[in-house]
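First comes the structure, then the notes that go with it.
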Amino acid sequence: MSVDLWRKDTADRFGLAVAVGAILIVFSAVAFAIYSPVASSLDAIASTFPQEILSIVGEVGPGGYVVSELFNVLGPLFLVAFALIIGSTLVAGEEEDGTMSLLLAHPVTRWQVIAAKSVTLLSMMLIATALFWIGVTLSAAFQDVDLDQGGIAATCLHLLALSLCFGLIALAAGAATGRPGIAGAISGAIAALSYLAASMLPLAGLERWAQLSPWYYYNGSEPLTNGLNPLHLGVLLSIAALAAVLAGLTFSRRDLRG
Amino acid sequence: MTSAAISTTDLTKQYGDFVALRALNLDVHAGEIFGFLGPNGAGKSTAIKALLDQLRPTAGRARVLGMDAHRDSAAIRARVGYVPGDLALYPRLTGRQTLDYFAKLRGGVDQRYVTDLAERFEADLSKKVGEYSTGNRQKIGLIQAFMHKPELLILDEPNSGLDPLLQQVFHALLDEVRDEGRTVFLSSHTLSEVERVADRVGIIRAGSLIVVERIGELKRKAIRHVDFQFAAPVEAGVFAGVEAVLDVQVDGDNARVTFEGDVNALLEAVVRAGAHVVSLTSRESDLEEIFLTYYRDDVDA
């Protein structure tokens, strides 16, 4: 029963997901607390940043500089990194530890293992992203920063889809290789390069090429201002689904390590 | 007629130029305890992992409990209990949680039998697996393999870390399994581990199955060494003409005789020569020497 597999894997990592979420809540609270008294001056400084800097740290959007940093850099960085760690170890880690051999001596298919592990990843990201959302919402309310609740929720949903997308790429790399280190390196490189691509290519006048990067579909449509973008969300979820299918295909066709 | 619990046809596993398993043709009958003997690295685990669909053969195929080892793997695994050679468990789960987890993956098992097994192995299920000794971990491995009363047990070097008393418990369990008509496929690198329980033995070396033999026949054919101590120095000629003798080394009143087959011919020769034996010790050959017997047979043929 792969539900039991999901239940065990989720229970194993529940504390970690809550910890990551808690860190993001603290980040939000501190960021808003520091920001509020100096908001106008910080925003003034940020508005003088050249475009090259802004494309890395993200454009200043609603809520000013700190909110933009939270949504453009800190939040995604943490959640994507968390997704990469979980994704690269969920399948390959169990193989490296040697427990996959016993797990797959039970009546579960390799596709069921991939499905259960993918849902585990989704559960982890749901917990961490939900806590981030709560953190931002509460902090904004306490500090009287005027942010659209719908915009925050939409951005968090985009963020969930983005982290799920990279997490499943990591999971697929682990499912294909059985090596968590290699899976982490491959998916980490993809995440970093696509981040640079999404932020740097528009500077070179290559906006269309930036659309190849998953990061473009996270905040290219500026969900904090414009709300949910179903098309962009759909692109991220499609990449995620494709990665999950690739994970199943590669994992079910190869020799188990060990 | 006995049906085959395991049947392989030209099962081959190759890694580049290295042949880990060479055209294995093996039939394990339902209801028998089959010993799969070979030194470390001979291909035992490779064969077992191919049966469980964890490795995909380069050529050939395998059927387990009448089903295709690859296509029907999940259905096969529902009816098989397995202890891997390199057993790894979840260190943060307790013994009890580990068994509960595996039981759930099987859709539930008879908890009374789990308790019974734990008592017989004297397994402490309350501690975390990470704090267990090798022997205690092995107990959990064995309990999870036996607890759903599988039709076929595939045990890869299951004795490691078990003290002699627990090995007796283990052997008694194997006897029960056989009495119930279930099958055991037991791999080992030492003959002594399987000779007490196995009905038949297959010997594998460097990826090739060398022989499948009834255990009694194997022991009868095996090369033995006998050390004689005589009351007085003897001539090497004492053992001349005894058919079973392969080698004689005489040093004064000591003689070391290497022979195969029946020990009676040897004793008769000593009696005929009128030599007075003070003491006699016999040592059975180890696996390597058994290989040599069969290699020599190959060469002779």
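Letters A, B, ... are given to chains in the order of the sequence lines, protein chains preceding strands, and every chain is numbered from 1. Quantities reported herein were computed from a predicted structural model and do not represent experimental measurements.
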Exercise. Which answer fits B/Leu93, side chain, backbone, both or neither, if we ask what part of it has an atom under 4.5 Å from a heavy atom of chain A?
Worked result: side chain
For this session: Kindly check if the number of other-residue, nucleotide or ligand heavy atoms within 6.0 Å of CZ (B/Arg61) is above 12?
Result: no
Exercise. In this structure, are over 12 heavy atoms from other groups packed under 6.0 Å from B/Glu176 atom CD?
Worked result: yes
For this session: Could you grab the distance from atom CG of B/Leu105 to atom CG of A/Asp4, nearest 0.5 Å is fine?
Result: 6.0 Å
Exercise. Measuring heavy-atom distances to chain A, does B/Arg56 have an atom under 4.5 Å in its side chain, in its backbone, in both, or in neither?
Worked result: both
Seminar exercise, completed: Applying salt bridge (charged side-chain N to carboxylate O under 4.0 Å, His left out) to B/Arg112 and not counting sequence neighbours gives B/Asp110
Problem set entry | Within 6.0 angstrom of A/Phe142 CZ, more than 12 heavy atoms from elsewhere | no
Exercise. Do other residues, nucleotides or ligands put more than 12 heavy atoms under 6.0 Å from the CH2 atom of A/Trp133?
Worked result: no
Exercise. Should we count CZ of B/Arg63 as having more than 12 external heavy atoms under 6.0 Å?
Worked result: yes
Problem set entry | Intermediate values then yes/no, side chain to side chain contact (heavy atoms under 4.5 Å, CB included), B/Arg92 and A/Asp12 | CA-CA 9 Å; B/Arg92 285 189 295 174; A/Asp12 281 351; 4.2 Å; yes
For this session: Using non-hydrogen atoms and a 4.5 Å limit, figure out which bit of B/Gln97 sits close to chain A: side chain, backbone, both or neither.
Result: neither
Exercise. How many angstroms lie between CZ in A/Arg110 and CD in B/Gln54, if you round to the nearest 0.5 Å?
Worked result: 7.0 Å
For this session: Answer with side chain, backbone, both or neither: which region of B/Tyr90 has an atom nearer than 4.5 Å to a non-hydrogen atom of chain A?
Result: both
Problem set entry | Distance in Å, B/Leu55 CG paired with A/Arg257 CZ, rounded so as to fall on 0.5 Å steps | 12.5 Å
Exercise. Where is the tightest heavy-atom contact between B/Lys13 and A/Asp255, given as atom of each residue plus distance?
Worked result: NZ-OD2, 2.5 Å
Exercise. Is atom CZ of A/Phe14 surrounded by more than 12 heavy atoms (other residues, nucleotides or ligands) closer than 6.0 Å?
Worked result: no
Exercise. So which residues of residues 80-106 of chain A are in contact with chain B at a heavy-atom cut-off of under 4.5 Å?
Worked result: A/Glu94, A/Asp97, A/Gly98, A/Thr99, A/Ser101, A/Leu102, A/Leu103, A/Leu104, A/Ala105, A/His106
Seminar exercise, completed: On a heavy-atom basis, the closest approach of B/Ala74 and A/Pro107 is O-CB, 3.5 Å
Exercise. What part of B/Leu87 gets closer than 4.5 Å to chain A, counting heavy atoms only: side chain, backbone, both or neither?
Worked result: side chain
Exercise. Going from OG on A/Ser252 to NE2 on B/His70, what distance comes out if it is rounded to the nearest 0.5 angstrom?
Worked result: 8.0 Å
